[in-house]
Amino acid sequence: MVAGLIPCRSNDAELWFAERQSDVELAKALCRECPLIDGCLAGAVERAEPWGVWGGQVFVGGVVVPTKRGRGRPRKDATAA
């Protein structure tokens, strides 16, 4: 398989482990175009990857989460966001 078709091999690997939400969303979007997305996600679930974007999904603490929370203290009132 050509490495150029696999986004995590042809882009900066740090993108898949980024802190900024916009970078995480970019990594997820790039994954959606990858021909290996299903196998990547299945492997990450099996290994309980501790964090990062795998198969187009965000892993935190070994489980898939809808979004990655930014660093720092959470807001006191979530509706203020």
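Numbers here are sequence positions counted from 1.
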For Phe17 and Gly52, work out which heavy atoms get closest and say how close.
CD2-CA, 3.7 Å
Do Trp16 and Leu30 pass the side-chain contact (heavy atoms from CB on, under 4.5 Å) test, and can you show the C-alpha distance, the side-chain angles, and the key distance before you say yes or no?
CA-CA 10 Å; Trp16 278 263; Leu30 290 170; 3.9 Å; yes
Which atoms form the tightest heavy-atom contact between Asp23 and Ala18, and what is the distance?
CB-CB, 3.4 Å
Please test Val58 against Val64 for side-chain contact (heavy atoms from CB on, under 4.5 Å), starting from the C-alpha separation and ending with a verdict.
CA-CA 6 Å; Val58 178; Val64 175; over 6 Å; no
Side chain proximity check, Cys31 to Val53, heavy atoms < 4.5 angstrom
yes
Let me confirm one number: the CD-CD distance from Gln21 to Glu25, rounded to the nearest 0.5 Å.
4.5 Å
Drop me the distance from Cys8's SG to Leu15's CG, to the nearest 0.5 angstrom.
10.5 Å
Do you reckon Leu26 sits in the same ILVMFWY cluster as Ile37, going by side-chain contacts under 4.5 Å, direct or chained?
no
Between the CG atom in Leu36 and the CG atom in Leu41, the distance rounded to the nearest 0.5 Å is 12.5 Å
Are Val45 and Phe59 side-chain neighbours, meaning at least one heavy-atom pair lies under 4.5 Å?
yes
